[in-house]
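None of these values were measured; they are calculated from a predicted model. Below, all heavy atoms of this structure are taken into account, side chains as well, without hydrogens, waters or symmetry copies.
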Amino acid sequence: MNFQICTGIQEQTGVTKQGDKVFFSIQAPEGTECKLMLYPRDNGTVLKIPMKAEDNMKTLYTVGVQGLDWETHDYNFLVDAKEATDPYARKISGREIWGDERRVPLAWQAEPFVPEREKQRKAQEEAERAGAVSGKQPGKDGDKIKSSFYFSEFNWKKDKFPLIRKEDMVIYKLHARGFSMGMRNNNVKRGTVGAVEHRLDDLKQLGVTTLLFMPLYEFEEFLALDENKEQENVKTKINYWGYTAGSYFAPKASFLKENNPDELKRLILKLHQKNMECVLEFYFPQKINPLFILEVLHYWRKEFHVDGFRLIGNSLGAHLAARDSKLAGCKLFFDGFPEEIAEDPQRFGPELYAYDERFLYEVRKLLNHQGGNIYEFSCQMRRQQTRQGFVNFVAENNGFTLWDLFSYEYKHNEANEEGNLDGNSWNFSTNCGQEGFSRKRPVLDLRKRKVKNALTALFFAQGVPMLWMGDECGNTQDGNNNAYCQDNEVGWKDWKNNVTGRQITSYVRELAKLRKANPVLRSPNPYYMMDYKNLGYPDLSYHSDGGWKIDFDMNRGFIGMFYAGEYVHAKENIYIAYNFQYSTQKFALPKNMEWKLLLDTSQEQSVLEEPKMVGRVQEFRVREQSVCLLSGKLIRGRDRGKGI
């Protein structure tokens, strides 16, 4: 080994390279014994090199190595005789195979949680697994998790951030592995970001502008079911979702075909070339240093050209990031931001988006007749702020899929081996007459209509619509509403091309087109329900069976929402009639309008191929549990601002 030890530098924690010198640094308490461990990849002798702290920085230990052939080595740190990976490592070695039991720490070696139907699949994948380790054989140090070097020279080809406006966004949330493991295409590496890249055109055609990825950083793939990790044969289960702490600077090795972070960069570059965005989820525990969180975000923004982040956990870190000028132009998603941050006109930071379940609960309650309130529903449908966006969804990974929401009255999480006690018990779901799978036509028809109603409310609300992976094709998790450990057909997207799936997918595409074509459905500013431009109509008004009025005190399950197009410079007005009742409902329409029917969820072909002329009527009937969309053009020469 022809290299020399030299003095380290204190400019950056982790690993940096200057010419033929590589510098290492790690933070540790004053007086700690720290060493650099260099692992030759040919299983040669492991070197332990002492690190030292300078007098002016007694908690930062550094060392430099000149002439190191870093491409043939991995490294770790030895801190008071305990080996640890570099928390700033840009790459992790030893995680190339997903769920590889050999990589579990010795005290955790145990039979992983594997559902019975998975055993055959795992056996069939053994050859693929063996090929993924590039011929490396486990040895004395072969099974250790190690830090690895990554000095990228990736060509971004004049890449530009899409900077998609909030009113134009449609989010698709996915798990990188779960999205593609159910694919039948053998020409792509299933379970990797490359497989996601293979399907970008499909997502683009669906109307999606933004991909929201569940954790892509390196996380521990096994959860111990016993807190006593010193005990031998501790049973584990797969940590499929990844909402744990991890190596935050390193892309997950098993989500990459060759453990090359450039693969993720290629995906993001392709997204940008298609005018699509990449948003990443990060979980940070409350005890983590908020300044470290900012370092993580800065790195991914600069190095990987990530368009945004959804932060989970540490609220202080999220609030600091919201004011961070280095993240200007970036999108930041969190449970919610204090008003003094969200509405601060002097704030020069990222765009803020509230990511919460308010929309989910209000829509579900009305759809399934479980205590819904039409007033709360109307508030969620128009929820918008000028300086903050809102993410709306009816289903996501945490809970039932959209199809299961109308197929199961109760959660069925027995496969999680927690006695069905895990997962949310307040789902506001229904089974439409039969629990679980059904071939009965009335049951299936009702489920499809409710799915369409839910999607219609989602795309016609003012916030940013978000689809959960597979909801565009009727994906089911067999009633499991907490698939955090289900790395199998339960937790994967189903790529079977059945009739129902094709119908729902087609409907999502049409909804996205309608939303894009009608700016009144996606105003970037809130509606005030006033005629503040003196146009003859308020920007938004509510209607019932009587015009220009609705009694929210009554237990009603229907509402008409009239959007005046002139407030957003549109030529036509829009009227949406939501009828969640069990009977046909009459809706009053504003007069002096020529009406056309564009959508009716009670019909098999819900989005009409050609608009149906309704005429100059003043009322319209909507079938039970259905939503209708009408467009109306003012009849010239009449008084356009008076009554019904």
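- Around NZ of Lys516, the count of heavy atoms belonging to other residues, nucleotides or ligands within 6.0 Å does not exceed 12.
- To the nearest 0.5 Å, atoms CZ (Phe562) and OH (Tyr542) are separated by 14.0 Å.
- The backbone N or O of Ala253 lies less than 3.5 Å from a partner atom in the side chain of Glu218, making a donor-acceptor pair.
- By the 30° and 60° cut-offs, the orientation of the rings of Trp98 relative to Phe255 is parallel.
- Residues that satisfy the salt bridge (charged side-chain N to carboxylate O under 4.0 Å, His left out) test with Lys493, not counting sequence neighbours, are Glu472.
- Across Tyr355 and Lys173, no two heavy atoms sit closer than the pair OH-NZ, 3.1 Å.
- Judged purely by distance below 3.5 Å, without hydrogens or angles, the side chains of Glu220 and Thr244 never pair a donor atom with an acceptor atom.
- The aromatic rings of Phe292 and Tyr88 stand perpendicular to each other, their planes meeting at an angle above 60°, with 30° marking the opposite boundary.
- Counted within 6.0 Å of NZ on Lys160, heavy atoms from surrounding residues, nucleotides or ligands total 12 or fewer; the atom is thus considered open.
- With hydrogens and angles ignored, the 3.5 Å screen pairs a side-chain donor or acceptor of Gln286 with a backbone N or O of Gly313.
- In terms of heavy atoms, Leu311 sits closest to Phe284 at CD2-CE1, 4.0 Å.
- Here the two rings, on Tyr361 and Phe428, have centers that are under 6.0 Å apart.
- Residues Thr85 and Asn76 bring no donor and acceptor atom of their side chains to less than 3.5 Å of each other.
- In summary, the side chains of Tyr217 and Glu281 do not present any donor paired with an acceptor at a separation below 3.5 Å, with no hydrogens or angles considered.
- Residue Lys533 places its NZ atom among more than 12 non-hydrogen atoms of other residues, nucleotides or ligands, all under 6.0 Å distant.
- Other residues, nucleotides and ligands place more than 12 heavy atoms under 6.0 Å from the CD atom of Glu340.
- Between Leu467 and Leu206, the closest side-chain pair of non-hydrogen atoms falls below 4.5 Å.
- For residues 316-334, the pairs satisfying salt bridge (charged side-chain N to carboxylate O under 4.0 Å, His left out) are Glu277-Lys331, Arg323-Asp344, with sequence neighbours left out.
- Lys252 places a side-chain N or O within donor-acceptor distance of the main-chain N or O of Phe219, the cut-off being under 3.5 Å.
- A salt bridge links Asp168 with Arg522: the closest approach of a Lys/Arg side-chain nitrogen to an acidic carboxylate oxygen falls below 4.0 angstrom.
- At a threshold of 4.0 Å, the pair Arg358-Glu376 does not count as salt-bridged, since none of the basic side-chain nitrogens sits closer than that to a carboxylate oxygen.
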### Task
Step by step, work out the salt bridge (Lys or Arg N to Asp or Glu O under 4.0 Å) result for Lys265 and Glu303.
CA-CA 9 Å; Lys265 291 182 177 180; Glu303 186 70 26; 2.6 Å; yes
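- Remark: of the listed residues Val279, Leu271, Ile171, Leu271 is the sole one forming a side chain to side chain contact (heavy atoms under 4.5 Å, CB included) with Leu211.
- Rounded to the nearest 0.5 Å, atoms CG (Leu291) and CG (Leu320) are 7.0 Å apart.
- Here the side chains of Asp74 and Ser148 are in contact, with some heavy-atom distance below 4.5 Å.
- The cationic group of Arg310 does not satisfy the cation-pi geometry with Phe282, failing either the under 6.0 Å distance to the six-membered ring centre or the 45° limit from the ring axis.
- Across all their heavy atoms, Pro350 and Ala321 have their closest contact at CD-O, 3.2 Å.
- A donor-acceptor contact closer than 3.5 angstrom is absent between the side chains of Asn398 and Tyr243.
- One N or O on the side chain of Asp307 and one on the backbone of Cys278 form a donor-acceptor pair closer than 3.5 Å.
- At distances below 3.5 Å, not a single donor-acceptor pair connects side-chain atoms of Lys274 with backbone N or O atoms of Thr209.
- With a 4.5 Å cut-off on side-chain heavy atoms, Ile504 and Trp403 count as touching.
- Counted by atom type alone, Asp404 and Gln477 present zero donor-acceptor pairs between their side chains at under 3.5 Å.
- With Phe149 as the aromatic partner, Lys91 does not meet the cation-pi criteria of under 6.0 angstrom to the ring centre and within 45 degrees of the ring axis.
- Between Gly317 and Ile293, the shortest heavy-atom distance links the atoms CA-CD1, 3.9 Å.
- To the nearest 0.5 Å, atom CG of residue Leu514 and atom CD1 of residue Ile574 are 8.0 Å apart.
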### Query
When you look at Tyr484 and Tyr240, which way does the ring-ring contact (aromatic ring centres under 6.0 Å, His included) test go after all the steps?
CA-CA 5 Å; Tyr484 74 98; Tyr240 173 56; 9.5 Å; no
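- Salt-bridge annotation for Arg199 and Asp202: present, with a side-chain N of the basic residue lying under 4.0 Å from a carboxylate O of the acidic one.
- Here the side chain of Asn392 pairs no donor or acceptor atom with the backbone of Phe359 at under 3.5 angstrom.
- Separation of atoms CD1 (Ile26) and CZ (Phe24) is listed at 12.0 Å; rounding is to 0.5 Å.
- Listed for the Asn314 side chain is a donor-acceptor partner under 3.5 Å among the backbone atoms of Pro285.
- Contact detail for Asn275 and Pro162: the closest heavy-atom pair is OD1-CB, 3.4 Å.
- Residues Leu264 and Pro251 come closest through the heavy atom pair CD2-CB, 4.2 Å.
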For residues 455-464, which side-chain donor-acceptor pairs fall under 3.5 Å, sequence neighbours excluded?
from   : atom 1 : to     : atom 2 : distance (Å)
Thr456 : OG1    : Lys452 : O      : 2.6
Thr456 : OG1    : Tyr507 : OH     : 2.6
Gln462 : OE1    : Ser523 : N      : 2.8
Gln462 : NE2    : Val520 : O      : 3.1
Gln462 : NE2    : Leu521 : O      : 3.4

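- Classification of the Trp156-His305 ring pair by plane angle, with boundaries at 30° and 60°, yields parallel.
- A cation-pi geometry, defined here as NZ or CZ lying under 6.0 Å from the six-membered ring centre and within 45° of its normal, does not hold between Arg90 and Phe151.
- A donor atom on one side chain and an acceptor atom on the other are found under 3.5 Å apart for Ser152 and Asp262.
- In this model, no donor atom of one side chain and acceptor atom of the other lie less than 3.5 Å apart for Tyr528 and Asp539.
- Ion pairing between Lys189 and Glu197 fails under the 4.0 Å rule for side-chain N and carboxylate O.
- Taking CZ of Phe334 as the start and NE2 of His319 as the end, the distance is 5.5 Å to the nearest 0.5 Å.
- Formation of a donor-acceptor pair under 3.5 Å by the Arg301 side chain with backbone atoms of Val306 is found in this model.
- A donor atom on one side chain and an acceptor atom on the other are not found under 3.5 Å apart for Asn475 and Thr401.
- For Tyr75 and Phe77, the gap between ring centers is short of 6.0 Å.
- Panel note: side chain Ser25, backbone Gly14; a donor-acceptor pair is recorded below 3.5 Å.
- Atoms CG and NZ, from Leu68 and Lys17 in turn, are 10.5 Å apart once rounded to the nearest 0.5 Å.
- In this structure a side-chain-to-backbone donor-acceptor pair under 3.5 Å is missing from Trp241 to His175.
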### Query
Taking it one step at a time, do Glu362 and Arg383 satisfy salt bridge (Lys or Arg N to Asp or Glu O under 4.0 Å)?
CA-CA 12 Å; Glu362 297 308 326; Arg383 185 173 65 151; over 6 Å; no
